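Predicted model, so just to flag it, every value in this text is computed and none were measured.
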Amino acid sequence: MSLSAIIESIIFAADSALSLDRLCEMLPEYERSAIKTALADLVEFHEGRGGGFGLFEVAGGWQFRTSPALQEYVVRHIKTRTAKISQSALESLAIIAYRQPITRAEVEHLRGVDCGGVLKSLLEKKLVKILGKKDIPGRPLIYGTSKEFLEVFGLKDLKSLPTLREIQSLDEMPRFERQEELPLEPDRAPLVERSLPFDEPLNP
Amino acid sequence: MSLSAIIESIIFAADSALSLDRLCEMLPEYERSAIKTALADLVEFHEGRGGGFGLFEVAGGWQFRTSPALQEYVVRHIKTRTAKISQSALESLAIIAYRQPITRAEVEHLRGVDCGGVLKSLLEKKLVKILGKKDIPGRPLIYGTSKEFLEVFGLKDLKSLPTLREIQSLDEMPRFERQEELPLEPDRAPLVERSLPFDEPLNP
Amino acid sequence: MNQVRVENPPLLDGFRDGYSVHLDKFDGPLDLLLHLIRRNEVDICDIPIADITRQYLDYIKLMKVLNLDVAGDFLLMASTLLHIKSRMLLPPDDREEGEEEEGDPRAELIRRLLEYQQYKEAGMVIGARALLGREVFARTCSDPALAESRSEEGPLEVSLFELVDAFRALLARIPAESFHDVAPGDSLSIADCINEILSLLWERDTLQFDELVRDEQTRERIIVTFLAILELCRLKLIRIFQNEECGAIWFVPAVAPGQAEVDGEAALPVA
């Protein structure tokens with residue numbers, strides 16, 4: 001395996017720019033000068049091939065980056081990439097899914113915090129919709145989950161939503177797993193005499 | 001700017017594998033066939049240059065990844081993220097992968113042990129997902145493998161899983177030759193034949 | 001223990017060179033059985049049931065001697081083995097065979113073992129692949145220039161398990177008395193029924209009471225459905241019609257589809 005390929009893989013997988021010092025530290029079997037040369041070769045190679053990214057020296061070290069000329073295209077991806085949902089949004093969404101029809105005040109009572117912003121973003125994402133107004137003083141809006149909600153979670157209908165009990169039942173420690181964690185101390189006397197039906201040797 | 005360079009930059013900047021459909025969506029000014037050709041060229045180019053990483057098709061899309069041969073060097077800088085997967089988790093995962101959609105009771109029947117804890121940890125690792133509920137009394141949850149499963153195991157799609165028949169032929173013991181002479185009822189016998197050919201498109 | 005030693009030297013040899021390793025290695029009764037079959041170098045399709053049963057029981061005894069909690073799954077298999085053994089000891093009974101239509105009492109066990117072995121090996125094969133984050137690595141950072149331009153417009157990526165887990169975590173956090181009304185209901189709750197009616201009404205404009213209880217005509221179901229309708233009516237989400245005395249009861253959504261959303265957007269600034 002060539003030193004260039006080794007350095008390339010380390011820089012590629014790193015989550016920040018890597019300095020020459022750090023690279024030398026990681027590759028004690030190679031000379032500092034060889035690492036330096038390999039880095040220069042890599043920079044030149046990627047520059048010369050005119051690809052979508054190259055190796056650049058930025059503050060503190062080397063890093064692979066997309067070419068600035070391609071920014072326009074890269075941004076297109078950013079705009080369409082899958083969005084992640086925040087933990088607070090997920091929590092509110094779960095409350096609405098399981099307790100609908102529900103008012104904002106009820107969601108807030110359960111979460112103990114203001115949920116206006118979260119609710120608005122859930123409405124914007126069309127995961128939640130307004131079902132109507134509750135017939136109590138102030139006539140608060142009532143929320144429920146939408147058709148898009150079912151689509152995002154791949155549910156046929158609301159009945160297919162797993163119940164809490166079903167998820168909780170996964171938590172019940174299987175006996176065998178528990179057994180693996182028991183300290184093996186053969187000399188310790190059994191605390192409880194378990195009666196097994198196989199105490200006596202069986203004759204074949 | 002060449003189409004190859006554009007595609008390269010988009011895939012490089014993405015945080016997960018990008019499908020051909022997504023790329024076509026992002027690059028409406030290019031023909032689908034041209035994008036496909038550019039992808040194939042890129043895969044070939046990176047394979048040929050013997051660098052530290054290459055372009056691979058996984059989980060229905062393309063992603064840059066380091067070569068497994070360089071693992072030793074890459075882990076000098078970054079910690080391995082995939083926590084050790086236990087033998088029992090792998091067994092359950094294999095059952096889910098080959099038999100999906102499958103209920104917990106079915107996994108437990110095949111393994112002969114309680115699988116609640118294992119299932120929960122697979123769900124937490126996102127290797128397995130809840131597909132919905134089965135339309136049988138009790139409406140148990142049904143499980144299947146996720147996109148992350150394909151990503152982590154470096155599979156293009158579920159069809160790329162080795163078939164159970166292939167797995168058996170890896171085993172050198174003559175046990176499997178004799179298996180055909182099993183004293184089983186004919187309608188139950190062909191376990192191997194049932195090895196889920198994944199003819200049906202699976203739920204996303 | 002002496003008894004075990006005399007009867008089954010190979011088994012104990014294994015334990016002598018590290019029984020603790022062997023003991024917690026088995027992933028279940030089938031795993032243990034398969035191990036014993038391989039150790040004895042016998043054909044999986046022609047298991048010497050008496051020997052294997054004895055070794056299996058020895059193993060369970062050993063677990064007990066070592067003060068290990070013997071899982072019920074292991075005991076269940078032990079009883080299955082004993083049952084098979086006893087059936088093989090009995091002379092073949094013509095009448096019984098005619099009834100059960102099953103030649104070898106081991107057949108079902110063999111079938112399970114073969115199937116289990118298949119998946120055990122499949123697990124090893126997939127586990128031996130170059131895994132992302134273990135042998136193979138993808139880029140862990142996105143382009144610094146792009147990190148700032150985060151967008152929330154794309155399709156949402158979240159799993160059902162995360163949703164349920166979020167709710168579960170929330171319930172675990174809040175004091176019990178404040179969520180007594182939030183705890184998961186029984187198989188048939190009014191809330192579930194309301195959800196069901198609402199989701200049906202999104203797809204169609206009208207619904208009949210009979211349709212809601214047709215699949216499951218139990219007293220409980222009818223009462224819960226009725227209460228759900230009353231609740232929906234109180235919330236002014238549906239309207240109820242009956243064309244004639246004792247005729248079919250129809251529901252329609254009180255708010256036309258789409259109207260509620262318009263209402264919602266009016267109440268909130270449009271993004």
> So which part of A/Phe45 gets closer than 4.5 Å to some heavy atom of chain B, the side chain, the backbone, both or neither?
Replying inline: side chain
>> Can you confirm whether more than 12 heavy atoms, excluding those of B/Lys126, are under 6.0 Å from its NZ atom?
In response: no
>> Please give me the minimum heavy-atom distance between B/Arg76 and A/Pro28, naming the atom from each residue.
In response: NH1-CD, 4.0 Å
>> Using side-chain heavy atoms (C-beta onward) and a distance below 4.5 Å, is B/Arg139 in contact with A/Pro162?
In response: no
>> I want to check something: taking the side chain as every heavy atom from C-beta on, are B/Tyr73 and A/Met26 in contact at a cut-off of under 4.5 Å?
In response: no
> If you measure from the Lys or Arg side-chain nitrogens to the Asp or Glu carboxylate oxygens, is any gap between B/Lys133 and A/Asp157 under 4.0 Å?
Replying inline: no
>> If we define contacts as heavy-atom pairs under 4.5 Å, which of B/Val74, B/Leu123, B/Leu119, B/Leu42 has the most with chain A?
In response: B/Val74
>> Are the side chains of A/Arg22 and B/His77 in contact, using a 4.5 Å heavy-atom criterion?
In response: yes
>> Sub-4.5 Å heavy-atom contacts with chain A: which residues of residues 65-72 of chain B show up?
In response: B/Arg65, B/Thr66, B/Ala69, B/Leu70
>> If I measure from the heavy atoms of chain B, does A/Leu155 come under 4.5 Å with its side chain, its backbone, both, or neither?
In response: neither
> Hey, which of A/Ile7, A/Leu18, A/Leu23, A/Ile11 has the most heavy atom pairs under 4.5 Å with chain B?
Replying inline: A/Leu18
>> Tell me if the CD atom of B/Glu44 is crowded by more than 12 foreign heavy atoms within 6.0 Å.
In response: no
> According to the interplanar angle, ranging from 0 to 90°, do the rings of B/Phe12 and A/Phe64 count as parallel (below 30°), tilted (30 to 60°) or perpendicular (above 60°)?
Replying inline: perpendicular
>> Once ring-ring contact (aromatic ring centres under 6.0 Å, His included) is applied, do any residues pair with B/Phe56, and if so which ones, sequence neighbours excluded?
In response: none
>> So which atom in A/Ala5 and which in B/Gly50 form the shortest heavy-atom distance, rounded to 0.1 Å?
In response: CB-O, 3.7 Å
> Can you name the nearest heavy-atom pair linking B/Gly52 to A/Ser9, along with the distance?
Replying inline: O-CB, 3.3 Å
> Just how far is it from atom OG of A/Ser160 to atom CG of B/Leu141, taken to the nearest 0.5 Å?
Replying inline: 9.5 Å
> B/Ile130 versus chain A, heavy atoms under 4.5 Å apart: side chain, backbone, both or neither?
Replying inline: side chain
> Less than 4.5 Å apart, any side-chain heavy atom of A/Ser4 and any of B/Arg49?
Replying inline: no
